[in-house]
2 protein chains.
Amino acid sequence: MADSAAPRNARAVARAELTRAILDSASTQLAQVGPAALSVRAVARDLGMASSAVYRYFPSRDALLTALLIEAYDDLGESVEQADSRVRDRADVAARWHALCHAVRDWARAQPHRYALLYGSPVPGYAAPDDTVASATRVTTALLTLLSDAQAMGRTPVATLPLSEEEREAVVPVRSFTDPVLDDAWVVRGLAAWATLFGNLSLELFGHMHRGILDYDAHFQQLVDQVAADLGLA
Amino acid sequence: MADSAAPRNARAVARAELTRAILDSASTQLAQVGPAALSVRAVARDLGMASSAVYRYFPSRDALLTALLIEAYDDLGESVEQADSRVRDRADVAARWHALCHAVRDWARAQPHRYALLYGSPVPGYAAPDDTVASATRVTTALLTLLSDAQAMGRTPVATLPLSEEEREAVVPVRSFTDPVLDDAWVVRGLAAWATLFGNLSLELFGHMHRGILDYDAHFQQLVDQVAADLGLA
DNA sequence: TCAGCATAGAGAGCAGTGCTCTCTCTCACC
DNA sequence: GGTGAGAGAGAGCACTGCTCTCTATGCTGA
């Protein structure tokens, strides 16, 4: 982490490589056994080194988990950003919304353990340090930018309730995140869309749709369409 | 679990009581350290018995977790059912919706660890047995019943997209859950409301609204109002 | 009534965990 | 070339889930 500077000598190179190897091994193990069972000793075994040596690179198991967390956030963030930017017609906000939603879902379904690490129960007794914030915000940033673009194009969400003064106060950081700032209706519908998207994903990936929904793909498609309509994107 | 029959003799009584005590101690510990760190030995210590003796009551740590899971589902289910039934005017579906939403959130905020156990990342390497299904369904049942009642009263959700044949197929179990069955629009809006409610709760409780929303209560109030409006309940 | 047996608990033990401490070796810099 | 920082190994501590064996006790059928 701290050694992001260009390696100058053999020792620094070795350190960077081994750090990378530890992260890769840990990531593989994470995908197999989940965050709770991630074991420093197992990583060390995998790399053929003593477990105590791993502590030269990550001061604790939680620090290793945090590194994996940041990597996962960045990986997801990049997937979403790329999906968004692949929509060539930047004015087609509906297409961008669909691309964003499916990018998140595809990423999550491909590696449910990493999704669970990001959006599932927080690892108990451990608060994500501030390092994670920048990476964690990428998806939300992409979403808010999309909404801001849509607003700039004159789109309007469908029938949205007016905000009380208290409610408007509550969402100030969201409103003032983009430039120009979002109107009330966009903030309301945007936050609802955010909750709906991740709520659906969590319910799906964590098994709560078992026996309730027969075809997750079709249902997700429908949900994304409906939210797009509510956002006035279509 | 299996000893739900009325205790007949001293041994059965003692067994029932100790089973209860183990669950209580485990529940307390769960609230303090989270599911991953729930320790059979700590429970045994708390009760002043050998750890091996606990295994006479629960065959494994996972079985103990499952029992806690079922209890939590039932506890939440009962809270929601009671909140719903406390609305005296059964025709006031908007009030019932608000009661339901706030019951879930109040319960979750009062015991976030239990909420995480139910709606957070599934405990890895462990699939919830069928015993949990009945308890897990109570909240969803309350919600679907509410929607069915609203439909029976002639309410209609706002502008809802039509379903393709594929999409209609995907949600068959949900539609046919209530009697009479739900119309397409109710299924669509109902599932979206479900995802929005739990999505918002998870994002809030798992820390994703940190620095984004200043007043969680006000924002939740607003969200519930908006979804109620979309459902055509207001 | 009482022998026999299922049940309950204790304790030791195994294999695993996170993490620390000490020891040794080696690389890099002055 | 000497010196000190960095890196790895290994032992060890306190903990975990779980199993096995041993003993005590309450219940039950003859």
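Order of the sequence lines fixes the chain letters, A, B, ..., with proteins taken first and strands second; residue numbering starts at 1 for each chain.
- Checked options A:D217, A:V104, A:L201; the residue passing with A:R109 is A:D217 (criterion: side-chain contact (heavy atoms from CB on, under 4.5 Å)).
- Spacing between atom CZ of A:R15 and atom P of C:dA28 amounts to 14 Å, rounded to whole angstrom units.
- At a cut-off of 3.5 angstrom, the base of C:dC27 holds at least one donor-acceptor pair with the side chain of A:R11.
- Computed from coordinates, the B:E17 CD to D:dG26 P distance equals 15 Å when rounded to whole Å.
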List the steps and the verdict of side-chain contact (heavy atoms from CB on, under 4.5 Å) for B:L69 and B:L118. CA-CA 7 Å; B:L69 199 72; B:L118 303 188; 3.8 Å; yes
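- Between A:H98 and A:Q221, the closest side-chain pair of non-hydrogen atoms falls below 4.5 Å.
- Note: A:H208 and B:Y73 have perpendicular aromatic rings, judged against thresholds of 30 and 60 degrees for the angle between ring planes.
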Letter by letter from the 5' end, nucleotides 12-22 of chain D scores (B base, S sugar-phosphate only, - none; protein heavy atoms under 4.0 Å) B---BBBBB--
Show me, pair by pair, the donor-acceptor contacts under 3.5 angstrom made by side chains of residues 190-198 of chain A, not counting sequence neighbours?
residue	atom	partner	partner atom	Å
A:T196	OG1	A:A192	O	2.6
A:T196	OG1	B:T196	OG1	2.7

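- In this structure, A:F58 places its CZ atom 17 Å from C1' of D:dG6, rounding to the nearest Å.
- Side-chain N/O atoms of A:N9 include one lying less than 4.0 angstrom from OP1 or OP2 on C:dC29.
- In this structure, CE of A:M49 is placed 13 Å from C1' of D:dG6, rounded to the nearest angstrom.
- Residue pairs meeting the side chain to side chain donor-acceptor pair (under 3.5 Å) criterion with at least one partner in residues 21-35 of chain B, sequence neighbours excluded, are B:R20-B:D24, B:S25-B:D46.
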